[in-house]
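Notes for the one structure printed next.
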Amino acid sequence: MQWQKVIQEFRKFLLFERNLSKKSVSAYLNDIQKLQIFCEDHQLNIEEINVKNVQHFLEWVNGFGISVYTQARLISGIKSFFNFLQLEYELSTNPAELIETPRLTRKIPDVLEVHEIDELISAIDLSHPEGMRNKAMLEVLYGCGLRVSELVELKISNLHLEVEFIKIEGKGNKERLIPIGAQAIKYLKIYLQEVRAKQQVKAGHEDVVFLNRRGAKLTRVMVFLIIKEVAQKIGLKKKISPHTFRHSFASHLVEGGADLRAVQDMLGHESITTTEIYTHIDKDYLQSIITQYHPRS
């Protein structure tokens with residue numbers, strides 16, 4: 001087996017079979033190329049790699065001071081690589097199969113209180129066209145729990161406001177339907193009819209919802225700057241980003257009693273464990289249930 005050929009085949013596997021994003025594929029391939037360098041330095045052929053070689057490789061990589069999250073991704077990538085070799089090249093064993101992934105502690109995301117969301121959106125200056133765009137944008141960001149990439153890529157053809165749904169093309173080109181509330185619909189319609197309809201749209205951006213002054217798609221950085229400016233305007237001390245609105249969307253739903261599976265679907269999480277980080281906000285409620293109903297409380 002030749003490294004270059006195998007890595008190219010693995011790339012196709014990740015893109016077309018695993019349906020991973022280009023960014024994820026690039027990270028996986030970067031890790032496998034590290035393994036290639038290590039093996040070539042130690043004169044190891046791919047089919048000769050055993051569990052001790054993998055352990056020595058991980059020790060070598062850790063010597064560069066990588067984080068525990070990078071370690072976890074590295075091990076996951078190596079396991080996937082050898083699984084692929086077992087499937088496509090009939091490799092007899094997976095030498096990384098018994099390597100344990102480091103335990104990751106999930107960081108509870110920062111969230112905004114409902115009144116802070118209201119203050120932020122109310123502080124937007126509506127005296128200029130960009131103000132109405134920004135108001136509609138933040139209403140959609142918070143009202144639908146979108147990633148910033150999903151927000152800037154949102155298409156007019158995917159708005160189904162008459163039935164109160166929007167279609168999102170998320171990670172790995174996976175589509176999902178998300179309900180959109182009355183407040184977000186109201187300001188989205190005002191923006192589309194009174195602002196965007198009067199803009200000269202740049203070629204290739206005709207279907208994009210949120211446009212900049214030049215009639216082109218907003219960048220992710222621009223959304224960050226808009227939020228930062230509004231936060232400074234109201235004197236908000238919390239460090240926030242577009243993702244804070246997504247976290248707040250999920251937390252407020254869970255706090256209000258929403259089913260975790262429904263929140264998972266709306267966020268586009270593959271695993272329910274990713275969504276479970278939002279259950280932290282129910283701790284007071286859960287404590288009251290224990291106090292009230294448990295016989296030994």
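Computation of the quantities below employed the complete heavy-atom set of this structure, encompassing side-chain atoms and omitting hydrogens, waters and symmetry-equivalent molecules.
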- Without swapping roles, check the side chain of H205 against the backbone of V201 for a donor-acceptor pair under 3.5 Å. no
- CG of N50 to NE2 of H56: how many Å apart, nearest 0.5 Å? 9.0 Å
- Taking all non-hydrogen atoms of both residues into account, name the closest pair between S241 and F224 and its distance. CB-CE2, 3.5 Å
- If only atom types and distance count, is the side chain of N94 paired as donor or acceptor with the main-chain N or O of K79 below 3.5 Å? yes
- Indicate yes or no for a side-chain donor-acceptor contact from N30 to the backbone of S26 under 3.5 Å, with no hydrogens or angles considered. no
- Message: Between F245 and I227, is there a side-chain heavy-atom distance shorter than 4.5 Å?
- Response: yes
- Task: Can you establish whether the number of heavy atoms outside E47 located under 6.0 Å from its atom CD is more than 12?
- Result: yes
- Report yes if some heavy atom in the side chain of Q55 is under 4.5 Å from a heavy atom in the side chain of I99; otherwise report no. yes
- Query: With a 4.5 Å heavy-atom cut-off, do N53 and C39 have their side chains touching?
  - Reply: no
- Just checking, is any N or O donor in the side chain of E130 or H128 under 3.5 Å from an acceptor N or O on the other one? yes
- Can you say whether the rings of F38 and W60 are parallel (under 30°), tilted (30 to 60°) or perpendicular (over 60°)? tilted
- Item | Side chains of R261 and Q264, donor plus acceptor under 3.5 Å | yes
- Task: Would you check if the side chain of Q33 reaches a backbone N or O of D31 as a donor-acceptor pair within less than 3.5 Å?
- Result: no
- Message: Quick check against the 3.5 Å criterion: does R246 have a side-chain atom that pairs as donor or acceptor with the backbone of L146?
- Response: no
- Query: Should we say atom NZ of K228 is surrounded by more than 12 heavy atoms from elsewhere, each under 6.0 Å from it?
  - Reply: no
- In the single-linkage hydrophobic clustering (I, L, V, M, F, W, Y; side-chain heavy atoms under 4.5 Å), do Y28 and L87 co-cluster? no
- Query: At their closest point, which heavy atom of Y89 faces which heavy atom of E9, and how far apart are they?
  - Reply: OH-CG, 3.6 Å
- Distance from Q193 atom CD to K198 atom NZ, nearest 0.5 Å? 10.5 Å
- Are K233 and D125 close enough that some pair of their side-chain heavy atoms sits under 4.5 Å apart? yes
- Query: With the 4.5 Å side-chain cut-off for hydrophobic clustering, are L253 and L177 part of the same group?
  - Reply: no
- Item | Least distance between heavy atoms, G145 atom then L267 atom | O-CD2, 3.9 Å
- Message: Under a 3.5 Å distance rule, please check whether R196 uses its side chain to pair with a backbone N or O of R133 as donor and acceptor.
- Response: no
- Task: Take I168 and N158, measure what side chain to side chain contact (heavy atoms under 4.5 Å, CB included) needs, and give me the verdict at the end.
- Result: CA-CA 7 Å; I168 295 300; N158 285 341; over 6 Å; no
- Query: Below 4.5 Å, heavy atoms only, C-beta onward: do L211 and Y191 meet side chain to side chain?
  - Reply: yes
- Query: What's the verdict on side chain to side chain contact (heavy atoms under 4.5 Å, CB included) for R18 and S80, showing C-alpha distance, side-chain angles and the deciding distance?
  - Reply: CA-CA 10 Å; R18 293 277 305 277; S80 294; 3.4 Å; yes
- Go through I7 and L29 one step at a time and tell me if the side chain to side chain contact (heavy atoms under 4.5 Å, CB included) criterion holds. CA-CA 7 Å; I7 288 175; L29 295 183; 4.0 Å; yes
- Does atom CZ of R73 have more than 12 heavy-atom neighbours, drawn from other residues, nucleotides or ligands, at distances under 6.0 Å? yes
- Message: Under a 3.5 Å distance rule, please check whether K155 uses its side chain to pair with a backbone N or O of E169 as donor and acceptor.
- Response: no
- ring-ring contact (aromatic ring centres under 6.0 Å, His included) involving F16 - partner list, sequence neighbours excluded: none
- Message: What I'd like to find out is whether the side chain of L138 reaches to under 4.5 Å of the side chain of Y187, using heavy atoms alone.
- Response: no
- Do any N or O atoms from the side chain of S76 and from the backbone of A72 form a donor-acceptor pair under 3.5 angstrom? no
- Do the side chains of L44 and V51 join up, straight or via other hydrophobic residues, at under 4.5 Å, putting them in one cluster? no
- Message: Would you say that more than 12 heavy atoms from the other residues, nucleotides or ligands in this model lie under 6.0 Å from the CZ of R214, or not?
- Response: no
- Query: Considering all heavy atoms of both residues, which atom of V209 and which atom of I156 are nearest to each other, and what is their separation?
  - Reply: CG2-N, 3.6 Å
- Can you check whether N212's main-chain N or O pairs, donor with acceptor, with Q199's side chain at less than 3.5 Å? yes
- Do V148 and M222 sit in the same hydrophobic cluster, where Ile, Leu, Val, Met, Phe, Trp and Tyr count as joined when their side-chain heavy atoms come under 4.5 Å apart? yes
- Query: So L58 and I78, side chain to side chain contact (heavy atoms under 4.5 Å, CB included) or not? Walk me through it.
  - Reply: CA-CA 10 Å; L58 293 173; I78 292 171; 4.3 Å; yes
- Measure the spacing between CG of L74 and CD1 of I32 and express it to the nearest 0.5 Å. 7.5 Å
- Message: Just verifying a value: how many Å separate I226 CD1 and I124 CD1, rounded to the nearest 0.5 Å?
- Response: 8.5 Å
- Query: Is F165 linked to L141 within one hydrophobic cluster, defined over Ile, Leu, Val, Met, Phe, Trp and Tyr using a side-chain heavy-atom separation of less than 4.5 Å?
  - Reply: no
- Message: Does E162, at its CD atom, have more than 12 non-hydrogen atoms belonging to other residues, nucleotides or ligands within less than 6.0 Å?
- Response: yes
- Query: Do L35 and V54 have side-chain heavy atoms sitting under 4.5 Å apart?
  - Reply: no
- Can you see which heavy atom on D265 is nearest to which on R176, and at what distance? O-CD, 3.3 Å
- Task: Any chance you could measure L120, atom CG, to K238, atom NZ, to the nearest 0.5 Å?
- Result: 10.0 Å
- So, do I166 and C144 sit near enough that their side-chain heavy atoms are less than 4.5 Å apart? yes
- Item | side-chain contact (heavy atoms from CB on, under 4.5 Å), paired with L15, selected from E17, R11, K12 | R11
- The reported gap from CG in D207 to CG in L154 (rounded to nearest 0.5 angstrom) is 9.0 Å
- Note on the structure: salt bridge (charged side-chain N to carboxylate O under 4.0 Å, His left out) with E153: of K217, K167, R147, only one passes, and it is K217
- Message: Please check if the number of heavy atoms outside Q86 that lie under 6.0 Å from its CD is greater than 12.
- Response: yes
- Which class fits the ring pair F13 and F84: parallel under 30°, tilted 30 to 60°, perpendicular over 60°? tilted
